[in-house]
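Protein chains get the first letters and strands the later ones, always in sequence-line order, with residue 1 at the start of each. The basis for the numbers below is simple: all heavy atoms, side chains too, and nothing from hydrogens, waters or symmetry mates.
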2 protein chains.
Amino acid sequence: MAQTDTKTRILDAAEQLFARDGYHSTSMRSLTELAQVNLAAVNYHFGSKEGLIKAVFARRLNPLNRIRQEQIEAVLQQAEAEGARPQAKELLRAFIAPILEFRKTESGAQNFLTLIGRSLSEPDETVRSYFIQQVLPIFTLLFRSLQHALPQLPEQLLFSRIQFAMGAMSHMMVNSPQHQKTLPGFPKPLPTEQMADELLEFISAGLEAPC
Amino acid sequence: MAQTDTKTRILDAAEQLFARDGYHSTSMRSLTELAQVNLAAVNYHFGSKEGLIKAVFARRLNPLNRIRQEQIEAVLQQAEAEGARPQAKELLRAFIAPILEFRKTESGAQNFLTLIGRSLSEPDETVRSYFIQQVLPIFTLLFRSLQHALPQLPEQLLFSRIQFAMGAMSHMMVNSPQHQKTLPGFPKPLPTEQMADELLEFISAGLEAPC
DNA sequence: TTATAACTTAAACACTCGTTTGAAACGGCT
DNA sequence: AGCCGTTTCAAACGAGTGTTTAAGTTATAA
């Protein structure tokens with residue numbers, strides 16, 4: 001399977017370099033060198049550099065978003081079975097936890113998390129819009145579910161708070177404990193596991209603040 | 001004053017394009033064309049493209065951070081005069097409000113806010129590290145002050161929560177209401193003023209969550 | 001084995017990049 | 001007026017960009 005092998009090697013190298021150096025600062029030459037494939041292989045298999053980053057997103061995001069959807073719907077169904085409202089924190093956990101779970105299992109996943117953490121503030125229109133397009137369905141589901149969980153919160157306000165939460169979340173993914181070097185005079189970052197728990201606490205408290 | 005005029009025009013154009021397209025995607029040719037100066041003018045006045053972005057940061061951040069420092073110290077002194085602990089929310093307001101105040105007065109300030117909002121997740125080492133270097137003193141002051149405000153919070157946990165807050169904050173600055181186009185099916189964003197207030201509520205609630 | 005499709009390869013293409021150069025123009029000074 | 005430091009200018013430099021080409025190689029199916 002020289003074919004599949006080549007495509008996979010390209011995707012892995014792209015994930016690594018796009019995350020570390022950014023999309024535009026990564027050259028096809030350094031990418032194909034790292035992947036140990038010919039320079040023309042990317043255009044042959046993915047059409048263009050833009051086609052490549054779309055494939056990088058799709059490979060990880062498709063299975064990941066399927067799991068997130070299942071978990072959110074599980075929270076909704078259990079709440080309905082109990083005749084209660086779903087809890088905001090549980091919905092957020094269903095949205096966030098699969099990401100960190102996936103970091104532990106998949107190799108190179110940390111690279112991908114840095115990449116999507118940066119994608120929300122990506123200046124390049126094509127990169128950002130393709131990322132948003134991939135994430136929009138699961139984001140919509142989260143938004144509608146949180147409306148049920150927090151019915152007293154005006155729609156506009158809920159939307160803003162979710163945006164704040166996304167900001168905190170993507171910031172954590174970019175500055176993961178592994179990557180960030182401890183600044184002198186500041187405490188060393190929490191281990192990843194605990195950091196994720198604390199993020200959930202932080203976001204839940206912010207979402208559920210009185211209005 | 002043709003000299004100052006040229007430098008200012010370059011700084012304004014750089015602020016605008018670096019914010020909109022990112023540092024690397026902005027070419028000296030498009031930048032100098034927008035500024036209506038000669039291509040070589042940037043290298044003459046600022047030495048290099050890197051020298052230019054340093055100057056872009058310094059022009060806005062120096063006065064801004066001075067104001068933030070004054071306001072934080074004012075909160076601390078008033079608390080001490082009352083023999084009470086400073087309130088976390090007031091410290092955060094002193095940190096955030098000057099940014100939005102400055103958006104209303106300075107023209108082109110919104111561009112700059114987008115720029116620094118993106119700088120925290122900037123892949124390029126030189127850009128990010130220079131930004132961090134500019135912000136570190138005021139960030140340190142905020143951190144120490146919040147330690148006084150929330151003494152029951154472990155140092156590591158406080159640090160993480162401040163990071164989450166920075167993420168929410170920078171995300172808001174990048175996706176300002178003016179820039180973001182409303183997605184169909186979602187509420188339109190809050191006006192800037194109210195958005196800033198809500199950000200403060202969100203962050204305060206997250207910071208003061210029980211542990 | 002042979003025809004055919006899939007894949008890999010080295011080389012070139014047409015641009016764009018940040019920076020440098022040396023001459024020209026400007027402005028304040030004696 | 002004439003000098004001189006400052007600023008502007010058009011042109012070019014060398015290096016790097018994503019993509020294309022056409023020939024070569026390998027695998028698949030008849």
Side-chain angles (χ1 to χ4, degrees), chain A residues 1-57 59 115 119 122-131, chain B residues 1-57 59 115 119 122-131:
Chain A
M1 293 291 152
Q3 169 196 0
T4 329
D5 218 26
T6 297
K7 290 182 78 165
T8 305
R9 283 214 307 280
I10 291 175
L11 286 171
D12 289 342
E15 196 167 73
Q16 183 175 333
L17 293 185
F18 287 168
R20 197 190 64 187
D21 303 331
Y23 174 72
H24 275 111
S25 298
T26 298
S27 71
M28 306 290 277
R29 284 165 179 84
S30 64
L31 195 157
T32 51
E33 190 181 4
L34 176 64
Q36 302 204 65
V37 301
N38 185 270
L39 172 60
V42 172
N43 291 279
Y44 177 78
H45 286 286
F46 300 97
S48 64
K49 191 183 182 184
E50 195 176 317
L52 173 58
I53 197 173
K54 288 187 182 182
V56 169
F57 279 137
R59 175 172 70 149
L115 177 60
S119 296
E122 170 68 45
D124 187 85
E125 187 64 34
T126 63
V127 174
R128 191 179 63 243
S129 76
Y130 188 77
F131 171 73
Chain B
M1 294 292 149
Q3 169 196 0
T4 329
D5 217 26
T6 297
K7 289 181 79 165
T8 305
R9 284 214 307 279
I10 291 175
L11 286 171
D12 289 342
E15 194 168 71
Q16 182 175 335
L17 293 184
F18 287 167
R20 198 189 64 187
D21 303 332
Y23 174 71
H24 275 110
S25 297
T26 298
S27 70
M28 306 289 279
R29 285 167 178 83
S30 63
L31 195 157
T32 51
E33 189 180 4
L34 177 64
Q36 302 202 68
V37 300
N38 185 268
L39 172 59
V42 173
N43 292 279
Y44 177 78
H45 285 287
F46 300 97
S48 65
K49 190 183 182 184
E50 197 176 315
L52 173 57
I53 196 173
K54 288 187 182 182
V56 169
F57 279 136
R59 175 172 70 150
L115 177 61
S119 297
E122 170 68 46
D124 187 86
E125 187 64 34
T126 63
V127 174
R128 191 179 63 244
S129 75
Y130 188 77
F131 171 73

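By the side chain to side chain contact (heavy atoms under 4.5 Å, CB included) test, A/Ala19 is found to be paired with A/Asn111, A/Thr114, A/Leu115, residues two or more places apart in sequence or in another chain being considered. Judged as a side chain to side chain contact (heavy atoms under 4.5 Å, CB included), and not counting sequence neighbours, the contacts of B/Glu50 are B/Tyr23, B/Ser48, B/Lys54, B/Thr126. With sequence neighbours excluded, the residues that form a side chain to side chain contact (heavy atoms under 4.5 Å, CB included) with B/Asp21 are B/Leu17, B/Ser25, B/Thr26.
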Q. For nucleotides 11-21 of chain C, read 5' to 3', which letter fits each nucleotide if B means a protein heavy atom sits under 4.0 Å from the base, S means only the sugar-phosphate is that close, and - means neither?
A. -B----BBBBB

**Q.** Intra- and interstrand pairs of DNA chain D - dot-bracket, Watson-Crick/G-U under 3.5 Å, | marks other strand
**A.** |.|||||||||||||||||||||||||.||

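Note: CD1 (A/Ile53) to P (D/dG18) measures 13 Å, nearest angstrom. Rounded to whole Å, the distance from OH on B/Tyr44 to P on D/dA11 is 21 Å. As a whole-Å value, the separation of B/Ile10 CD1 from D/dT7 P is 11 Å.
In this structure, the side chains of A/Thr6 and A/Tyr44 stay at 4.5 Å or more apart for every pair of heavy atoms. Annotation: side chain of A/Leu11 is not in contact with side chain of A/His45 (no heavy-atom distance under 4.5 Å). No side-chain heavy atom of A/Tyr130 sits under 4.5 Å from any side-chain heavy atom of A/Ile53.
Contact check, A/Thr6 against C/dC7: no side-chain N or O comes under 4.0 Å of OP1 or OP2.
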Kindly list each side-chain donor-acceptor pair under 3.5 angstrom involving residues 34-43 of chain B, sequence neighbours excluded, with atom names and distances?
unit_1  : atom_1 : unit_2  : atom_2 : d
B/Asn38 : OD1    : B/Ala40 : N      : 2.9

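For the pair A/Arg9 and A/Asp5, the salt-bridge criterion is met [side-chain N within less than 4.0 Å of a carboxylate O].
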